[in-house]
Amino acid sequence: MEDLIAKARDALKNAYAPYSNFRVGAAVLTKSGRIYTGANVENASYGLTMCAERVAVFKAVTEGDRDIEAVAIVSDAGELVPPCGACRQVIAEFNPNALIIMATADGSKRLVVRLRDLLPMSFSRELLKR
Ligand code: THU
């Protein structure tokens, strides 16, 4: 867990957030033991902004590594950053029970929860079966 948080903190340095000045770093741990990092990437066309968590998840998935076990999220804003609704849904696609680790960059605050508790009654592929 310490390593995952450290990797998310490192990723924070590459956040591109000139509009909000709100930098977020994320790190995804998969069953294989590999770690994929991400940071938020903003755009002058604001709605095109991509969150740190989804960057990290998409990196893992597009490397063929889909068994997500944990996602660490770090911000330097001094507060814990819970994943947004869109990121919760994207993580749930791969593991509704993933561990979500939130931490501040200075290490003063930390919270660990299960995604299931952040996204109850989620829409899932089971509902698409007919
Ligand atoms: N952001 C993330 O990267 N992850 C979150 O979970 C919440 C929000 C980013 C998006 C945007 O660049 C900035 O934080 C402010 O919303």
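Every number for a ligand or one of its atoms is a count from 1 in the order of the listing.
Between the Arg66 side chain and the Phe94 main chain, no donor and acceptor come within less than 3.5 Å of each other. A distance-only check finds a donor-acceptor pair linking the side chain of Asn40 to the backbone of Phe22 [under 3.5 Å].
Sorted by first and then second residue, the side-chain hydrogen bond (donor to acceptor under 3.5 Å, both in side chains) pairs with a member in residues 68-85 read Arg23-Asp76, Glu79-Lys109; sequence neighbours excluded. A side-chain hydrogen bond (donor to acceptor under 3.5 Å, both in side chains) check over residues 42-56, counting only residues at least two apart or in different chains, returns the pairs Ser20-Glu42.
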Step by step, would you call Leu80 with Thr104 a side chain to side chain contact (heavy atoms under 4.5 Å, CB included)?
CA-CA 6 Å; Leu80 298 173; Thr104 53; 4.3 Å; yes
All N/O donor-acceptor pairs, side-chain side in residues 112-120, below 3.5 Å, sequence neighbours left out:
residue, atom, partner, partner atom, Å
Arg114, NH1, Asn97, O, 2.8
Arg116, NE, Asn97, OD1, 3.2

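Ligand 1 is surrounded by Ser20, Phe22, Val24, Asn40, Glu42, Thr49, Cys51, Ala52, Glu53, Val81, Pro82, Pro83, Cys84, each with at least one heavy atom closer than 4.0 Å.
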